[in-house]
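Predicted, not measured: the structure shown is a model, and the values here were computed from it. Throughout, a chain's letter reflects where its sequence line sits, starting with A, and its residues are numbered from 1.
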Amino acid sequence: MTERSTAGADSAGSVAADPLRARFDRARVFSWAQTIGIVVLLAIIFATPGFLAGPSILSLLTTVSFIGCVAIGMTLITISGNIMSFALGATVGVTAMVFILAVNWLGFGPGLVVGLLIGSLLTGLQGLLIGWVRANPIIVSIAALALIYGVTQAFTEKGTIYADPGTVPASVKGKIAGIPIEFIVFLLSAVVAQLILSATRFGRNLFMVGSSFRAAEAVGVSTWRTVTGAYLWAGFFTSLAGIMLAIRYDSANMDYGVAYDYDAIAAVLVGGTAIGGGQGSALRTLAGAMVIASVQVMLLLQGLRQEWQYLAAGLIVLAVIILQARGSGR
Amino acid sequence: MWRYLDGPHARPFAVLAACIMLLALVDGDNGRFLSAATAYSTLQTFATISLVTLGLGLTMMIREFDLSVVGMYGMAGCIAVLTGTHYPWFGLWFALAVGLIAGIVQGFIIVRLHLASVGVTLGGLLVFIGIAFVLTESRSLPYDNLGVALLLNERVGGIFSIRGIVALVFFAGAAAIFAWTRLGRDIIAIGSDRRAAMTTGVKVDTLIIGIFAFSGLCAALSGVLLSYSLASASPAGLSDVIAPAAAGAILGGVSLGGGSGRPLGIAAGALTLAVLRSGLNAVGAPPFVNDITMGAVLLTVAVLDGPYLARRLIEARRWARRALGA
Amino acid sequence: MQEVLSVRGVSKAYPGVTALEDVSLSLRPGEIRAICGENGAGKSTFVKILMGIVQPDSGSIDINGQTQVVRGPQQAQSMGLGLVAQELSLAPHLSILDNIWLGSAEVPFLHRRASFRVRAKQALETLGLTDWDLDRPVSSLTVGQRQLIEIARLLARDARVLILDEPTATLSDADIERILGILKGLRTQGRSIIYITHRLGEVFELCDSITVLRNGQHVATQPVSETTREGLVEMMLGRSFEDMYPKAPAHADQSVRVVVEGLDVPGTLNKFSMTAPRGRIVCIAGQIGSGANMVTRALAGLVPSATGSVTVDGRPMRLGSVPHAVARNVLFVSDDRAAEGLFPQMTVLDNLIATRLDASARMGVLSWPALRRMAASLAERVGVDRHRLKSQSIALSGGNQQKLLFGRALASADAGVLLMNEPTRGIDVGARAEIYRIMRELCDLGSTLIMTSSDLEEVVGIADIVITLYRGNVVARYEDEAIAMSSILADITHPTQAVA
């Protein structure tokens, strides 16, 4: 199969005789082409002079981690067939705020637990509505976005809250073996999410629900539990991002997660997870996030202003969405 | 016209009336709510959100979803401010043309490649935001032609502004098209049952592209009018529009299943939001009440529209009976 | 008399398949022609060519004596051809009037003209529907009433040749009778009808002549008066239908496994009771709307509103929960493969093991080697090529997809209860015989099969026990030699005895 796929171009003639066969092989070819494309792109980027020099790579690794964790969560939502959530960015902000409050009040350890709980539950609740009555996921997430902003405004008069000095241990702010701790958390998240997806019963259920909701129901998958689970995990990974931001800046603000939803879905799609659900992987999202971040750093190194990063990310996403359609032969 | 005011199409107007009465009651005889000033500010809010709501609502009516309105809203404002300092009309037309073309391109991609509109317009959204940032170099741009800003916000007849009138004219036009032309009927048919529309000979693909073009145009127009009237444009500041637009469309009777909802209903939906925002402000409610109301409304509608709601209620009843019996 | 429609030597090939080969047909004014053939015989391609949806590779179409090239549905309409497709093509949110004129090229941009209202009214009157309000939304009509609107639409556009593709498939008997009456009335007006149906009864009641297609080729055209039922079936199948169905020796152990008592589904099924023994195929026969497919769906746990008592192998089974049914080894094979059966983007392997995950998971963690072994052995049992385990399931043919679903339903080593709706819908003749063979093998292994089918030949051919249903009530139960097509047909169309 592998030889056939990599030699896609010359086998095209024989494949065309059977349209179903052709579609299947085209999807394979596309998936391989995308993987190769990502590898080549990363190679070019790392070969760019100055890229591996200390400051830029370190700041890249840190910034990509925040968005990356949200993207890992988004991956689960996308695979479950619910496209995307608009409320994850707001969840980042809320988690950061609640974390700081809890740390000031209860200390670091309990704060961590409270932060992770609040993010998971907020998002899991949306998943419950979406899975149980099959409410429209886009509308539910937009509603959650408005509610989260409304409620947090009600409780915080001033925009930013700060951690009391000394409450956050210095050990969680540094680096391990020269690698920022945020990036290690991101890597671990991707690995954990990938294990959940491919090695557990829940992961299989998730793919089945995303691929065909009614077929999953007919084989006895508890669909609402699966969807709720996907959102719970999405909330968990998202709140990791919020907590890491709060730790990094010793403060929290609702603006922390602004526009993370869009960056996260961009990473998911560039990684090759299908927007329609039922396909995808967390490791691919990791790669997608790295590609977008690397392109942005490369643009910076080429002397282009920061604005161009946004445009580049947008164009990449658009291109990937269109290419994916061609790849799946639809 | 009365045909549109009975049956399910009356719901948006009933909700609007209920909101007005409720706010009037809350206000009592303070006269803060039922005043010309509140009416004016309501219509100003209406002018800001209603056209985006109309465009998004129409795409929802045909069972698509145009996410890119958010990006277009911001980008068009930046384009108009950049190009229209000396010739406001040129800035306006230029931005409108960009909105129209962007909509056509997106519609074309959706139709030709049979892609989900959420995906394509998400790509569009990110690209538009990117362009806006590049054009403005990440800054907030001032619009130096203050005359235009004043003109757009000038009161006409006590409560209207030019901006509000433009929006109202658009809605009137859309309502006329839906009531009297085959275009409107064909669009409803696409939302109601796309395959049926296709097999009976409706030009489905062309109309879908047209709807996305219209949606792009609407978003661009509201972006331009808002930027002109605020005398500034910024790439990031305008992006908080998707929630009100979706809420307005749903309040306006656009169902997520497609086919239902009419322009006048969408106008009522947007007006309801505007009344709530200005009204709550007028009676002295803090700003977050508005967000919470909007979120609660959206969430309620999403749950009530959930296709499994009836089934889950049966299951819940059965479960409760078993639990009690055991 | 001049022919209103004459098709000569039409062929159409798709990559890898010849859909139609040199098919001719001519139709007189006032003639009702039945087109019969199995699934895949080329009927739908023929209709698509007539309506200009598909262009033929060769051949010509004459309408009223003039050779025409039909480029699309709108043009076909203007030439006097009109189609009522299998699925309704009405927009429920629009009014009757708007639906009658939807998509018509005649309607001007400003479409509210009195003349269109008048013509729509006249069309409804032709059908005897004098009191219908044109402004009523179609969503408020029943399925049967909607079918009438489809026909009214063709009449309003003055179609001379009406093509009806299985118009009665989803209708109740009263609606079918009404439609057949209306069609007979149209014949006296000189309109011609091409009538495509699987229901042989309607062919003999309504039609003047029959054209039989098989594998894309024209087999015969002859008057109904010269055709017998058995002869027609043989022409459609190309062989006598007994060869298809393996009659297996009865399983040694015929102890009762499934007992259903008082199964109720509000609105569709009324106090249904039955027993199903080990090693046998039980078929619940009934027309669409009789509630037959509700029995299997309810037993599978897919109908939340179902009530009643069910025991499987002596243990009670709760209704309304699929996981519970699966735990009792009761598995469902859907008739709607695309929407309710396959996981299209997932691999054949993923699809096969979908019901077996719990067996190979410890604390929720899967054992992939065990799953792979299981998938390989399942693939072998149902005859799917092992080398395709890594393919996307959507890339398989319909027959292979159905085998996949069968494989998935063999959930555990001990033989289970399999529920199947229309197990051979949309599957070609060759694959069909193999599906029947697999069904028999499952019985030999001790499984119990409960199936529904609207194809009477299939019911008579494969079932060991037949239970007939009429409007949600059981009419009769037949076993082995007592199973006969005539009595089943009588039962499901007009109940011969009342059973509470």
Side-chain angles (χ1 to χ4, degrees), chain B residues 1-4 6-9 61-63 176-207 253-255 257-262 265 307-319 321-322 325-326, chain C residues 47-48 51-53 72-78 82-95 97-113 116 135-140 146 149-150 153-154 157 165 265-266 301-307 318-321:
Chain B
M1 199 54 76
W2 283 111
R3 228 153 61 70
Y4 288 95
D6 64 347
H9 300 312
M61 254 184 68
I62 58 166
R63 305 194 66 167
I177 285 175
F178 267 75
W180 293 306
T181 73
R182 52 180 292 174
L183 210 60
R185 189 199 60 189
D186 290 355
I187 291 170
I188 298 171
I190 293 175
S192 184
D193 185 336
R194 183 172 298 184
R195 197 193 49 78
M198 208 175 297
T199 49
T200 51
V202 173
K203 295 192 170 63
V204 173
D205 289 357
T206 318
L207 282 174
V254 177
S255 97
S260 61
R262 302 289 178 270
Y308 271 38
L309 183 63
R311 158 190 309 219
R312 297 304 189 196
L313 289 180
I314 292 175
E315 282 175 9
R317 206 176 308 143
R318 174 186 291 240
W319 182 83
R321 205 176 299 144
R322 209 168 37 237
Chain C
V47 170
K48 281 183 188 158
M51 293 306 292
I53 300 165
Q74 279 203 348
Q75 203 189 357
Q77 276 174 19
S78 67
L83 168 70
V84 175
Q86 257 173 41
E87 290 164 88
L88 290 170
S89 51
L90 299 173
H93 291 88
L94 289 173
S95 67
L97 177 67
D98 283 341
N99 265 296
I100 284 179
W101 291 112
L102 185 64
S104 164
E106 283 179 73
V107 181
F109 186 69
L110 293 171
H111 69 111
R112 304 232 174 260
R113 292 264 175 89
F116 289 103
D135 294 320
R136 203 169 147 193
V138 164
S139 55
S140 68
R146 293 185 195 193
I149 298 296
E150 292 254 10
R153 174 193 276 165
L154 303 189
R157 298 176 187 190
D165 192 354
V265 176
L302 285 163
V303 184
S305 58
T307 53
R318 214 168 75 209
L319 290 168
S321 157

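Interatomic distance, B/Thr200 OG1 to C/Trp101 CH2, rounded to the nearest 0.5 Å: 13.0 Å. Taking CG from C/Asp98 and CG from B/Asp186, the interatomic distance works out to 9.5 Å, rounded to the nearest 0.5 Å. To the nearest 0.5 angstrom, C/Ser89 atom OG is 16.0 Å from B/Arg194 atom CZ. Here the OG-CG distance, from C/Ser139 to B/Asp193, works out to 12.0 Å after rounding to the nearest 0.5 Å.
Interface remark: B/Arg185 contributes backbone and side-chain atoms alike to the contact with chain C (heavy atom separation under 4.5 Å). No part of C/Pro137 comes within reach of chain B, as not one of its non-hydrogen atoms sits under 4.5 angstrom from that chain. Neither the backbone nor the side chain of C/Ile53 comes within contact range of chain B; no heavy atom of the residue lies under 4.5 Å from a heavy atom of that chain.
Residues B/Ala196 and C/Leu90 come closest through the heavy atom pair CB-N, 3.4 Å. Residue B/Arg195 comes nearest to C/Leu88 through the heavy atom pair NH2-O, 2.6 Å, listed as atom of the first residue, atom of the second, then distance. Considering every non-hydrogen atom in both B/Arg182 and C/Val107, the closest pair reads NH1-O, 2.6 Å. Minimum heavy-atom separation, C/Pro304 to B/Glu315: CB-CG, 4.1 Å. Minimum interatomic distance between C/Ala91 and B/Ser192 (heavy atoms only, all atoms of both residues): C-OG, 3.3 Å. Shown here for C/His93 and B/Arg262, the closest heavy-atom pair between the two residues is O-NH2, 4.1 Å.
Within the 4.5 Å cutoff, the side chain of B/Thr199 has no heavy atoms near those of the C/Pro73 side chain.
The greatest number of non-hydrogen atom pairs below 4.5 Å with chain C, out of B/Gly191, B/Ala197, B/Gly184, B/Gly201, is found for B/Gly201.
When the salt bridge (charged side-chain N to carboxylate O under 4.0 Å, His left out) test is applied to B/Arg318, no partner is found at least two apart in sequence or on another chain. In this structure, the salt bridge (charged side-chain N to carboxylate O under 4.0 Å, His left out) partners of B/Arg311, at least two apart in sequence or on a different chain, are A/Glu217.
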